[in-house]
Structure formats: structure tokens, C-alpha cells
Amino acid sequence: MKKILFNDKFCLTQAVLNGTKTMTRRLLKDNVPLGNWEETEKMLPYKIGEVVAVAQSYKDIGRHDIIGYKAYGQNMYEPIYAELSAGWNNKMFVKSEIMPCHIMITDVKVERLQDISDDECLKEGLRLSGNSRFYFQQMVESNHFINRYFDTPREAFSVLIDKISGRGTWESNPWVVVYSFELVD
């Protein structure tokens with residue numbers, strides 16, 4: 001099973017888990033061909049109908065037990081404890097089969113980044129405040145968050161994507177793969 005990572009600094013993993021993020025855009029790699037959908041789709045990491053683990057650190061999911069074994073001789077194994085593994089604080093190093101939450105890919109398309117609609121901006125994890133402004137959360141210190149407010153969903157998303165993918169990403173309008181998904185557990 002594959003896993004997918006969402007940015008925790010902008011509370012996107014939590015947005016997936018609480019159902020407010022149901023879409024994600026990923027920069028299309030340079031070697032992915034455009035023009036022939038079948039060829040393009042073969043090169044994409046996730047397919048429609050595929051169930052993918054939502055990566056979380058072992059610490060975040062409260063995993064303290066043995067997550068595997070390391071061989072150190074013939075028929076001799078040493079247990080690997082979650083708390084002592086690289087995955088304790090870094091979800092890049094977790095095993096997908098241990099993750100408790102999964103999404104199912106429901107749609108895949110390729111488009112230019114700026115082709116995003118207002119509705120799709122909200123599916124990317126943005127929120128609408130009580131004063132009719134759009135916002136995303138940003139962690140500024142451990143467990144301390146601020147809300148960044150904007151007048152339009154596109155304005156909020158353009159700032160968010162630049163923070164996640166690098167300054168100038170929105171302006172350069174790259175090709176992206178757009179995954180729609182639903183939380184399955």
C-alpha cells in the first residue's frame with residue numbers, strides 16, 4: 001500500500017482527517033508526458049479507486065509498540081520500537097500498512113495550477129470564517145496556530161501553494177495533477 005503526505009505546518013493532515021480537505025494538487029514531474037491521457041496516467045503515483053494511507057508520525061498516532069524486526073545474524077532478530085525509529089517524529093519514514101487512516105482516490109485530472117475554481121480552493125482545505133473571509137491555519141510554534149485571512153478563495157490558495165511548494169509557484173502556473181479523494185477510515 002502506498003502512502004501520501006500532507007503538510008502539517010498548514011494543518012492539512014488534520015483537514016484531511018476531519019473531512020474538510022478532499023482534494024490535493026501536486027506539481028507534475030517534468031518527465032510525465034502530456035497529450036495522451038493513458039500515457040500520462042501510467043506515470044502518476046495514484047490511480048482512481050486506489051486506497052492510500054494518510055502518513056502520520058508514530059508519535060501522532062500514539063504507536064509505542066514494535067513496528068518490525070531487524071535481522072542481525074542468521075535467524076536472529078532485534079525488535080524495532082516505534083519510539084526509537086525515524087518514523088517517531090517524521091512521517092516520511094512510517095510504514096504505510098501501520099497507518100490508521102486511509103483515503104480513496106475518486107478522480108484524477110491534469111491542469112494548470114491557476115485553473116482551480118473557488119469551490120476547488122475550499123476542497124483544498126481552506127475555510128470560510130464567520131466574517132465571510134477565507135483562511136488557512138499555520139503553525140507558528142509547536143501547538144500554536146494563527147489564521148491567515150483573505151478576501152477570496154483564490155487569493156488564499158495562491159498564498160498557501162506558494163508557502164507549500166515555494167515562492168512563485170502560483171505565478172509560474174505549472175502543470176499539476178489534481179487528486180480528489182474521500183476519507184475511508
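Sequential numbering from 1 along the given sequence is applied to the chain's residues.
Checked against side-chain hydrogen bond (donor to acceptor under 3.5 Å, both in side chains), Ser96 has no partners two or more places apart in sequence or in another chain. Scored by the ring pair (Phe, Tyr, Trp, His ring centres under 6.0 Å) test, Tyr149 finds Tyr135 as partners (sequence neighbours excluded). Asp119 meets the salt bridge (Lys or Arg N to Asp or Glu O under 4.0 Å) test with Lys123; sequence neighbours excluded. Among residues two or more places apart in sequence or in another chain, the side-chain hydrogen bond (donor to acceptor under 3.5 Å, both in side chains) test is passed with Asp151 by Arg133. Applying the side-chain hydrogen bond (donor to acceptor under 3.5 Å, both in side chains) criterion to Ser85, with sequence neighbours excluded, gives no partner residue. Gln14 is linked by a side-chain hydrogen bond (donor to acceptor under 3.5 Å, both in side chains) to nothing, counting only residues two or more places apart in sequence or in another chain. Under the ring pair (Phe, Tyr, Trp, His ring centres under 6.0 Å) criterion, Phe134 pairs with no residue, sequence neighbours left out. Qualifying ring pair (Phe, Tyr, Trp, His ring centres under 6.0 Å) partners for Phe136, counting only residues two or more places apart in sequence or in other chains: Phe10, Phe150. Judged as a salt bridge (Lys or Arg N to Asp or Glu O under 4.0 Å), and not counting sequence neighbours, Arg26 has no contacts. Listed by chain and number, the residues in a salt bridge (Lys or Arg N to Asp or Glu O under 4.0 Å) with Glu111 are Arg25, Lys109 (sequence neighbours excluded). By the salt bridge (Lys or Arg N to Asp or Glu O under 4.0 Å) test, Asp185 is found to be paired with no residue, residues two or more places apart in sequence or in another chain being considered.
Separation of atoms CZ (Phe181) and CD1 (Ile103) is listed at 4.5 Å; rounding is to 0.5 Å. Summarising the geometry, atom SG belonging to Cys101 is positioned 15.0 Å from atom NZ belonging to Lys3; distances are rounded to the nearest 0.5 Å.
Both Val176 and Ile48 belong to a single network of hydrophobic side chains, linked directly or stepwise wherever heavy atoms of I, L, V, M, F, W or Y lie under 4.5 Å apart. The cluster map of Ile, Leu, Val, Met, Phe, Trp and Tyr, joined by side-chain heavy atoms under 4.5 Å apart, puts Met92 and Tyr46 in different clusters. Each of Leu12 and Met104 belongs to its own hydrophobic cluster when Ile, Leu, Val, Met, Phe, Trp and Tyr are linked at side-chain heavy-atom distances under 4.5 angstrom. One hydrophobic cluster holds both Leu128 and Val159 under the rule that ILVMFWY side chains link at heavy-atom gaps under 4.5 Å.
Annotation: side chain of Glu83 is not in contact with side chain of Lys59 (no heavy-atom distance under 4.5 Å). Looking at heavy atoms from C-beta onward, Gln138 lies in side-chain contact with Lys9 at the 4.5 angstrom threshold.
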Thr22 and Ser180: CA distance, side-chain angles, deciding distance, side-chain contact (heavy atoms from CB on, under 4.5 Å) verdict: CA-CA 6 Å; Thr22 59; Ser180 297; over 6 Å; no

Can you list the steps and then say if Arg148 with Gln137 is a side-chain contact (heavy atoms from CB on, under 4.5 Å)? CA-CA 6 Å; Arg148 302 274 317 268; Gln137 287 188 316; over 6 Å; no

Determine, stepwise, if the pair Trp170 / Ile116 fulfils side-chain contact (heavy atoms from CB on, under 4.5 Å). CA-CA 11 Å; Trp170 176 260; Ile116 190 170; 3.9 Å; yes

Stepwise side-chain contact (heavy atoms from CB on, under 4.5 Å) test for Leu122 and Asp118: CA-CA 7 Å; Leu122 294 174; Asp118 286 352; over 6 Å; no

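At distances below 3.5 Å, not a single donor-acceptor pair connects side-chain atoms of Glu41 with backbone N or O atoms of Glu38. For the pair Thr169 (side chain) and Gly166 (backbone), a donor-acceptor distance under 3.5 Å is present.
Other residues, nucleotides and ligands contribute more than 12 heavy atoms inside 6.0 Å of the NZ atom of Lys47. Atom CE of Met76 has more than 12 heavy atoms from other residues, nucleotides or ligands within 6.0 Å.
Through direct or relayed side-chain contacts under 4.5 Å between Ile, Leu, Val, Met, Phe, Trp and Tyr, Trp88 connects to Tyr58, Ile61, Ile67, Ile80, Val94, Ile98, Met99.
For Val108 against Val177, the heavy-atom pair with the smallest separation is CG1-CG2, 3.8 Å. Pro100 and Gln56 make their closest contact through CG-OE1, 4.0 Å (heavy atoms, listed as atom of the first residue, atom of the second, distance). The two residues Arg127 and Asn18 come nearest to each other via the heavy atoms NH2-ND2, 4.0 Å. What you find for Asn173 and Leu113 is that their closest heavy atoms are OD1-N, 3.2 Å.
Side-chain contact of Thr13 with Asp8: a donor-acceptor pair under 3.5 Å is present, judged by distance alone.
Salt bridge status for Glu124 with Lys21: present, with a side-chain N to carboxylate O gap under 4.0 Å. A salt bridge links Lys42 with Glu39: the distance from a Lys NZ or Arg NE/NH1/NH2 to an Asp or Glu carboxylate oxygen falls below 4.0 Å.
Between Tyr179 and Phe6, the ring centre distance reaches or exceeds 6.0 Å.
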